[in-house]
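As structure tokens, the structure follows; a few thoughts come after it.
Values below: all heavy atoms of this structure, side chains included; hydrogens, waters and symmetry mates excluded. This is a predicted model, so every value here is computed, not measured.
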Amino acid sequence: MPNRNDLAPSAPVSSPRPRRTAVRAGSAAVAAAASAALLAAGAVPASAESATGVADLRSDIDSLLADSRLEGATSGVLVRSLTRGDVLYRGSARTELIPASNAKLLTSAAAMEVLGADYRFTTTVSAGEDPGDGVVDGDLHLVGTGDPTLTSDAVDELAAEVADSGVGVVTGDLVADDTWFDAERLSPAWDPADRPYYYSAQISALTLAANSDYDTGVVDVDATPGGAQGDAVDVALSPMTDNLSLANEAATGAADAPSTFGVSRKPDTNEFTAEGELPVGRTYSTLRTVDEPTDHAAHLFAASLEEHGVKVAGDVERGTAPQRSVPVAERSSMELGELLTPFLKLSNNGHAEILMKAMGREAAGEGGWDAGIAVATRALHRLGVPTHAVELDDGSGLARSDRLTAATTVRLLERVRHQPWFGTWRDALPLAGAPEHMVGGTLSGRMGGTAAAGNVRAKTGTLSGVSALSGYVTTAGGERLVFSIINNGYAGAAPRDIQDAIAVRLAEFTRGGAVEVARPLAAQRTAPGSPAADLECTWAGTC
């Protein structure tokens, strides 16, 4: 996975402040044994025991949310027991807040409802006439429907299939057809300052996935310094195509010097420039967006055709395939149910926007944000999710104009449990403390070694001044809970440690018989750029 540290001007991350607080939780075994003994002796009525445990939980959450770092902030929090149905904690739960990537909970659930778990994206190569003699007399068309898993290897396989079909010559152009979606590449609700960075890539119905994380609309950038100060730096873009250019103005710096190396792209072009000094012994890896992902994909396909012996006489162009055309090759993506894993585990913004446009195209015949959001809103209503307090301008949560409440989030998490695809959807959520990249996802570095590890499944969310965590947890008493924490308007680093402490407290919760213990709530803060960092983060301030 590329190192994300230099995706934008680095934001300072505070080191965790050691804190201790009284938490009436203790081990599940001690709590359960104490509770059972008291009840058996008739010393404490069951109702009193339950009330005491809930009161303690509420007091502890209140204490956590009273952290000085949240002074002046708004925190929407709701915790409900799925086992008993009662609300265990509520605070500003109906306040409309910026959800960041918690919006992906809505987008993914709507996509499963509208498109289905078995939905696949297809990429087709077609000709106007049957190339029975091995010659395509006219144009060859590359037609996309938004496949976010179209890697370089997949493009090569598609080109090989064209060659295996017997096609050897195309007398016309290679025409890329991305008209399944509209031509709006970037949401107007997004900050233009984010455009160079992978979380704000352009959206097209024909786009390349640069890596095994399926980051779309970007290239991998890798650089290695020379052996001595002043040497040239080896810089590479991947997938590299002939419509991209790279000016390498960088040099190797002294081993003990700070790195000033970076790679930028001139706006509205595919002209990349490497500048600065990369110290001896250091490496550099990041992602950068491309301009017009359709062209990037088409040029890579053209190069692959040439490698497989298929000669295209004309140029690489964009256009629309004729309605009556002859299929020459076709590729299908993995099913949506499987795609949910990289989408939700890694909080992939491109996947969210592709799914939003795909819903619009499939259900309303229009592959754009407006149509997709309207379709998704209706789907959420069918699922029993109230949408009057929901405002979406995109599918990923990158738009700061998006609004969501903790109450609506909890309602969604409750309602989707009744769907046949729920198990697949739930398992695609990040799992706290799980180190595996595609298991723990954005929670892989959080809550490890606690009662929440391997237990909490939740969606993260981060923008400047916005942080969220919403999902499921099983308590020490065996209850299944659903929770949503949305923090807005704080200053400084994201309060992930506070969210984590609440989630751990929920994992340790019992209805009564708790033992008061002191434990540190200093968090495992996740530095921007680490594998566990939220991938939707904007860097206008401290994340």
Side-chain angles (χ1 to χ4, degrees), residues 16-35 38 44 46-71 73-84 86-93 406-407 409-410 432-433 443 446-453 455-456 458 467-487 490 494-525:
R17 295 184 300 169
R19 299 177 63 246
R20 296 182 68 84
T21 187
V23 177
R24 298 166 180 82
S27 70
V30 172
S35 175
L38 288 170
V44 181
S47 58
E49 177 198 53
S50 177
T52 300
V54 173
D56 289 344
L57 175 69
R58 290 173 178 169
S59 176
D60 289 337
I61 295 177
D62 281 340
S63 296
L64 291 167
L65 293 173
D67 191 291
S68 61
R69 288 171 292 150
L70 293 178
E71 184 177 354
T74 301
S75 296
V77 183
L78 184 64
V79 182
R80 186 189 298 276
S81 172
L82 296 172
T83 302
R84 297 199 183 188
D86 57 332
V87 172
L88 300 180
Y89 188 90
R90 178 188 288 115
S92 300
T409 306
V410 163
L443 287 180
R446 295 172 61 174
M447 294 175 268
T450 72
N455 179 355
V456 169
S467 188
L469 183 70
S470 301
Y472 304 96
V473 59
T474 299
T475 73
E479 283 189 65
R480 292 173 295 118
L481 308 182
V482 61
F483 68 92
S484 179
I485 308 164
I486 305 176
N487 305 116
Y490 54 84
R496 296 189 182 102
D497 55 326
I498 297 173
Q499 297 166 1
D500 291 354
I502 293 173
V504 171
R505 180 65 176 87
L506 296 178
E508 295 174 338
F509 171 68
T510 60
R511 292 275 172 171
V515 178
E516 183 169 340
V517 295
R519 64 180 175 82
L521 291 178
Q524 307 157 19
R525 295 260 185 105

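Here the closest heavy-atom approach between residue A452 and residue A432 is recorded as O-CB, 3.5 Å. Contact between L506 and T475 at its shortest, heavy atoms only, is O-CG2, 3.4 Å. Nearest heavy-atom pair across A406 and V77 is CB-N, 3.9 Å. Contact record, L481 with S81: CD2-CA, 3.6 Å, taken as the closest heavy-atom pair.
A distance of 12.0 Å separates OG1 of T52 from CZ of R511, quoted to the nearest 0.5 Å. The CD1 atom of I61 lies 11.5 Å from the OG atom of S75; values are rounded to the nearest 0.5 Å. Between the OG1 atom of T409 and the CG atom of L469 there is a distance of 11.0 Å, given to the nearest 0.5 Å. In this structure, the separation between CD on Q499 and CE on M447 is 8.5 Å, given to the nearest 0.5 Å. Expressed to the nearest 0.5 Å, how far CG of L70 lies from CD1 of I498 amounts to 4.0 Å. Rounding to the nearest 0.5 Å gives a distance of 11.0 Å between CG of D60 and CG of L65.
Every residue two or more places apart in sequence or in another chain that forms a side-chain hydrogen bond (donor to acceptor under 3.5 Å, both in side chains) with S484 is listed here: S470. A search for side-chain hydrogen bond (donor to acceptor under 3.5 Å, both in side chains) contacts involving Y89 returns D62, not counting sequence neighbours.
Atom CZ of R58 is surrounded by more than 12 heavy atoms from other residues, nucleotides or ligands within 6.0 Å.
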(message) Between V54 and F509, is the side chain to side chain contact (heavy atoms under 4.5 Å, CB included) condition met? List the steps.
(response) CA-CA 8 Å; V54 173; F509 171 68; 4.0 Å; yes
(message) Is there a side chain to side chain contact (heavy atoms under 4.5 Å, CB included) between D56 and R505? Walk through the geometry before answering.
(response) CA-CA 10 Å; D56 289 344; R505 180 65 176 87; 4.0 Å; yes
(request) Determine, step by step, whether Y472 and L82 satisfy the side chain to side chain contact (heavy atoms under 4.5 Å, CB included) criterion, reporting the C-alpha distance in whole Å, the side-chain angles of both residues, the deciding distance to 0.1 Å, and the verdict. (result) CA-CA 10 Å; Y472 304 96; L82 296 172; 4.2 Å; yes
(request) Start with the C-alpha distance between V456 and R446, add both sets of side-chain angles, then the distance that settles side chain to side chain contact (heavy atoms under 4.5 Å, CB included), and finish with yes or no. (result) CA-CA 10 Å; V456 169; R446 295 172 61 174; over 6 Å; no
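Salt bridge present: R69 and D67 bring a charged side-chain N and a carboxylate O closer than 4.0 Å.
N455 contributes no side-chain N or O that, together with a main-chain N or O of V473, makes up a donor-acceptor pair within less than 3.5 Å. Side-chain atoms of S63 come within 3.5 Å of backbone atoms of S59 as a donor-acceptor pair (strictly under, hydrogens ignored). Although no hydrogens or angles enter the test, the distance criterion places a donor-acceptor pair under 3.5 Å between the side chain of T83 and the main chain of R480.
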